[in-house]
A.B. asks: 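Below: one structure in structure tokens.
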Amino acid sequence: MPELPEVAGLAGFLDEQLRGCLVTKLQIVSFAVLKTADPPFNAIEGRMVSGVRRFGKFISIDTDGVSLVFHLARAGWVRFTDSPADSQLRMGKGLIAVRCAFSGPDGPRGLDLTEAGTKKSLAVYVVRDPQEVPGIATLGPDPFTEAFDADMLAEILAGSSQQIKGLLRSQSVIAGIGNAYSDEILHAARISPFAIAKSLDRDTVQVLYDAIHSVLGEALAEASGKPPKDLKDVKRSHMRVHARTGQPCPVCGDTVREVSFADMALQYCPTCQTKGKILADRRTSKFLK
């Protein structure tokens with residue numbers, strides 16, 4: 001799933017490519033992805049792109065009065081081209097869910113939203129204001145806003161009995177962090193993914209805050225300026241524990257372990273994060289005996 005660094009990279013790339021372009025055609029190839037009816041999706045046609053913004057894991061292509069907002073979910077992605085096809089796509093056929101065509105001073109541009117797999121959760125909204133999107137309206141603070149400091153993080157954690165891994169992934173608590181970067185952040189901070197949020201002392205909270213900014217900051221720098229086709233490989237190449245089950249931890253050399261759940265898996269290093277103990281591979285916060 002694309003998270004804050006990749007989504008920021010996408011938003012920056014699309015802003016550079018589309019700002020000042022005219023939206024000439026919007027095709028909804030899979031109506032299951034369209035979550036709004038008013039205004040109609042084609043209301044964005046004939047309008048000029050004023051910019052592209054990120055809200056958490058959402059991207060908003062803004063025009064004068066209407067925005068095209070999308071969330072790539074688990075298996076969605078962006079394909080961009082400066083040689084777009086002019087053909088009408090058949091409904092429900094292939095990986096393409098949405099196709100948008102643009103014209104600009106440097107020629108045509110094309111944007112496809114694709115989704116692989118059978119579990120379809122890509123979401124598209126055509127709205128007058130991005131805040132009309134429920135997922136945007138309920139977002140927690142962005143980690144890179146000025147208001148998000150170590151004191152705010154300490155206050156958030158102090159009021160939660162949730163495991164820290166789940167809390168970091170909650171978009172209504174902190175915007176933009178998902179499964180992959182929560183693994184990386186907790187590894188950098190040397191914190192167990194099963195630690196209870198309110199149990200972390202103030203010094204540990206500071207370490208966690210610093211890890212959030214260092215891990216995401218480095219990933220943001222790597223993603224900046226990259227075209228969509230390169231962003232996935234950039235993300236994978238910089239992971240230290242996420243999706244590295246069975247491989248040596250690059251910090252201590254211990255074997256990276258995994259805990260599997262119904263719809264996700266987390267990875268961690270026992271030596272770095274749990275004092276050598278192996279976490280039970282089931283939905284629990286207890287250690288194996």
Side-chain angles (χ1 to χ4, degrees), residues 1-36 41 44-45 47 49-63 66-87 89 93-104 106-117 119-127 130 133 135-136 171 175-176 178-181 219-220 222-237:
M1 177 183 289
E3 300 177 35
L4 188 156
E6 299 82 55
V7 177
L10 283 171
F13 176 84
L14 293 176
D15 184 73
E16 181 179 346
Q17 295 291 329
L18 299 179
R19 183 184 289 265
C21 289
L22 194 71
V23 182
T24 57
K25 188 174 184 179
L26 177 62
Q27 293 187 59
I28 304 296
V29 187
S30 171
F31 269 107
V33 308
L34 184 62
K35 307 303 180 184
T36 53
F41 71 87
I44 200 169
E45 294 177 352
R47 298 174 185 263
V49 176
S50 56
V52 181
R53 293 182 287 170
R54 177 187 66 83
F55 298 88
K57 300 181 194 176
F58 291 84
I59 289 179
S60 178
I61 300 176
D62 301 324
T63 69
V66 177
S67 294
L68 173 65
V69 179
F70 59 90
H71 188 292
L72 294 168
R74 187 183 296 272
W77 198 240
V78 171
R79 291 199 312 214
F80 183 85
T81 179
D82 55 9
S83 302
D86 195 30
S87 57
L89 296 173
K93 299 295 183 180
L95 296 177
I96 300 173
V98 175
R99 170 165 286 177
C100 198
F102 307 84
S103 65
D106 297 325
R109 298 284 189 271
L111 174 69
D112 289 342
L113 300 183
T114 65
E115 187 169 26
K119 292 185 177 180
K120 304 296 186 182
S121 49
L122 176 70
V124 174
Y125 311 79
V126 177
V127 292
V133 177
I136 291 179
Q171 298 305 293
N179 192 35
Y181 286 106
L220 272 170
E222 290 293 335
S224 179
K226 300 290 193 305
K229 64 183 180 65
D230 295 337
L231 283 172
K232 289 184 180 181
D233 288 339
V234 169
K235 177 180 181 178
R236 282 191 288 263
S237 68

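From a predicted model like this one, the values you see are computed outputs, not experimental measurements.
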A.B. asks: Kindly give the heavy-atom pair with the smallest separation between S237 and V234, and that separation in Å.
C.D. replies: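 Where S237 meets V234 most closely, the heavy atoms are OG-O, 2.8 Å.
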
A.B. asks: Using every non-hydrogen atom in the two residues, find where A116 and L95 come nearest and quote the distance to one decimal.
C.D. replies: CA-CD2, 4.0 Å

A.B. asks: Provide the closest heavy-atom pair for Q17 versus C21 in the form atom of the first, atom of the second, distance.
C.D. replies: O-SG, 3.6 Å

A.B. asks: Could you pull out all residues at least two apart from E222 that satisfy salt bridge (charged side-chain N to carboxylate O under 4.0 Å, His left out)?
C.D. replies: none

A.B. asks: Mind listing the closest non-hydrogen atom pair of L4 and A175 along with its distance?
C.D. replies: CD1-O, 3.8 Å

A.B. asks: Looking at residues at least two apart in the chain, or sitting in another chain, which of them share a ring-ring contact (aromatic ring centres under 6.0 Å, His included) with F102?
C.D. replies: none

A.B. asks: What side-chain donor-acceptor pairs closer than 3.5 Å can you find for residues 49-62, not counting sequence neighbours?
C.D. replies:
from, atom 1, to, atom 2, distance (Å)
S50, OG, D62, O, 3.2
R53, NE, D62, OD2, 2.6
R53, NH2, D62, OD2, 3.2
R54, NH1, G56, O, 3.1
R54, NH1, D142, OD2, 2.8
R54, NH2, D142, OD1, 3.4
R54, NH2, D142, OD2, 2.7
S60, OG, D62, OD1, 2.5
D62, OD1, S67, OG, 2.7

A.B. asks: Please name all residues satisfying side chain to side chain donor-acceptor pair (under 3.5 Å) with R47, sequence neighbours left out, ordered by chain then number.
C.D. replies: none

A.B. asks: Given F70, which partner from the list V78, V126, V98 fulfils the side-chain contact (heavy atoms from CB on, under 4.5 Å) test?
C.D. replies: V78

A.B. asks: Using a 4.5 Å cut-off on heavy atoms from C-beta on, say whether the side chain of N179 contacts that of M1.
C.D. replies: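 A side-chain contact is absent here, since even the closest heavy-atom pair is not under 4.5 Å.
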
A.B. asks: Would you name the heavy atoms of A97 and V33 that are closest together and state the gap between them?
C.D. replies: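 Here A97 and V33 meet closest at CB-CG1, 3.8 Å.
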
A.B. asks: For the residue pair L10 and L72, establish whether any side-chain heavy-atom pair is separated by less than 4.5 Å.
C.D. replies: yes

A.B. asks: Can you measure from CD1 (I44) to CG (L68) and round to the nearest 0.5 angstrom?
C.D. replies: 4.5 Å

A.B. asks: Short question: side chain of Q27, backbone of L89 - any donor-acceptor pair under 3.5 Å?
C.D. replies: yes

A.B. asks: Strictly distance-based, threshold 3.5 Å: is any side-chain N or O of W77 a donor or acceptor partner for the main-chain N or O of P228?
C.D. replies: yes

A.B. asks: Within the structure provided, determine whether H71 and S121 are in side-chain contact (heavy-atom separation under 4.5 Å).
C.D. replies: no

A.B. asks: Look at the side chain of K120 and the backbone N and O of E115, then say whether any donor-acceptor pair between them is shorter than 3.5 Å.
C.D. replies: yes

A.B. asks: Listed by chain and number, what are the side chain to side chain donor-acceptor pair (under 3.5 Å) partners of K25, not counting sequence neighbours?
C.D. replies: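 Only Q88 meet the side chain to side chain donor-acceptor pair (under 3.5 Å) criterion with K25.
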
A.B. asks: According to side chain to side chain donor-acceptor pair (under 3.5 Å), who are the partners of D233, at least two apart in sequence or on a separate chain?
C.D. replies: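 Side chain to side chain donor-acceptor pair (under 3.5 Å) check on D233 returns R236.
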
A.B. asks: Show the nearest heavy-atom pair for residues L14 and F80, with the distance to one decimal.
C.D. replies: CD2-CD1, 4.0 Å

A.B. asks: If we only count heavy atoms from C-beta on, is the R79 to I96 side-chain gap below 4.5 Å?
C.D. replies: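 With C-beta onward as the side chain, the pair touches.
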
A.B. asks: Within the 4.5 Å heavy-atom criterion, are L113 and L122 side-chain neighbours or not?
C.D. replies: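 L113 reaches L122 side chain to side chain.
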
A.B. asks: Is it true that a side-chain atom of E3 and a backbone atom of G178 form a donor plus acceptor pair closer than 3.5 Å?
C.D. replies: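 At least one qualifying donor-acceptor pair exists.
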
